[in-house]
Asker: 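Dropping the structure in here first, questions after.
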Amino acid sequence: MNIGAHVRGGGTLIPSLKAGEEIGATSIQIFTQSPRTWKPSVYAPEVLDAFYEAQVAHPSVRHTFCHATYLINLGTPNPELLEKSQATLTHNLSVGRRMGAAGVVVHTGSHMGTGFEVALPQIATAYLRALDEADPAPAGVPECPLLIENTAGAGGTVGRSFEEIGAIIDACGRDERLKVCVDTQHLWASGFDFSTPEGADALVQSIDSSVGLERLTCFHLNDSLVDRGSNKDRHANIDEGTIGLEGLAALMGHPAMRDLPMILEVPGEKDGPRASDVADAERAWRRGVEIYAARATKN
Ligand SMILES: [Zn+2]
Ligand SMILES: [Zn+2]
């Protein structure tokens, strides 16, 4: 079991490890710059080196993920916005590599009505440019992949299905530095029912056939304020939404998924994940493992 949480970064990023530890998270996710502005945070190399060392030495937090800036839109028909998005993604990845992050999670963006097929070539170019142009990781530090996140399916958003994400990866020549982060709330909102063992099997199958199961790197673990298929991105605390503990358990306990980092991005009491949210997620995970143990005995 590896329950993570989105936490605050803080100036040297090192306080984020403590913040994760304090609520019992064994992985963390942070923003390395303000997610709603273009202004890049510039870190001295020593700061990022120190973070990497602190992370490797940390007794309980095993992985640190970064979340890219929300403003990035690789699908935009506006050349100026595309260029800004490109520069920001490359910068976000440079920071992620330098600090030894386990991945940088990216929202691909929206084609703004032009259509997925029209936007696909520029999206692939943008991902490949970021991977090729970002500063390399220091020697001995593991490669930091870009993690494409699925969307809730609103409007022209790109990445609403594993077929779309698979098509992006295909267009990038199946580059091994591109991986996937699945948000449970977005998946639910996009209409996918994973809330039973059969549904979770179908999810594994769908990821494997279009993306490749080996690219599935982590989850964003959220319950949903809105109904399945509503296409809205609205996170709820575990067991306080329309998926519920039993529904999340079916995904979390699945043998193909149970060992991956599952990062809470829940509201808590408006201040983000609390220790009680981590405890709820742990409960859901244990329930999930029980579900599959019972299924194995039945078969
Ligand atoms: Zn995200
Ligand atoms: Zn979301």
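Atoms within a ligand are numbered from 1 in the order they appear, just like the ligands themselves. For the single chain, residues carry numbers from 1 onward in sequence order. Atoms considered below: every heavy atom in the structure, side chains included; atoms not considered: hydrogens, waters and symmetry mates.
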Asker: Which single N/O/S atom of D233 lies at minimum distance from the Zn ion (ligand 2)?
Answerer: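 Looking only at N, O and S atoms of D233, the one nearest the Zn ion (ligand 2) is named OD1.
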
Asker: Return all protein N, O or S atoms below 2.8 Å from the Zn ion (ligand 1), chain by chain in residue order.
Answerer: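 Listed by chain and number, the atoms are H67 NE2, H107 NE2, E149 OE1.
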
Asker: Can a donor-acceptor pair be found between the side chains of N237 and H235 at a distance below 3.5 Å?
Answerer: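 Note: N237 and H235 side chains miss the donor-acceptor criterion.
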
Asker: Is there a donor-acceptor contact under 3.5 Å linking the side chains of T64 and Q55?
Answerer: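 Yes - a donor-acceptor pair under 3.5 Å links their side chains.
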
Asker: Under a 3.5 Å threshold, yes or no: a donor from one side chain and an acceptor from the other, between N2 and T26?
Answerer: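 Yes, side-chain donor-acceptor contact under 3.5 Å.
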
Asker: Closest N/O/S atom of H235 to the Zn ion (ligand 2), by atom name?
Answerer: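 Distance check against the Zn ion (ligand 2) picks out NE2 in H235.
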
Asker: For W38 and Q33, which heavy atoms make the closest approach, and how far apart are they?
Answerer: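 Closest approach of W38 to Q33: O-NE2, 3.6 Å.
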
Asker: Closer than 4.0 angstrom, basic N to acidic O: yes or no for R274 and D280?
Answerer: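 Salt bridge flag = no for D280 with R274.
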
Asker: Does the distance from a Lys or Arg side-chain N to an Asp or Glu carboxylate O, for D175 and R215, drop under 4.0 Å?
Answerer: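 No, no charged N to carboxylate O under 4.0 Å.
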
Asker: In this structure, are over 12 heavy atoms from other groups packed under 6.0 Å from R295 atom CZ?
Answerer: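 Yes, the 6.0 Å shell around CZ holds more than 12 heavy atoms from other groups.
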
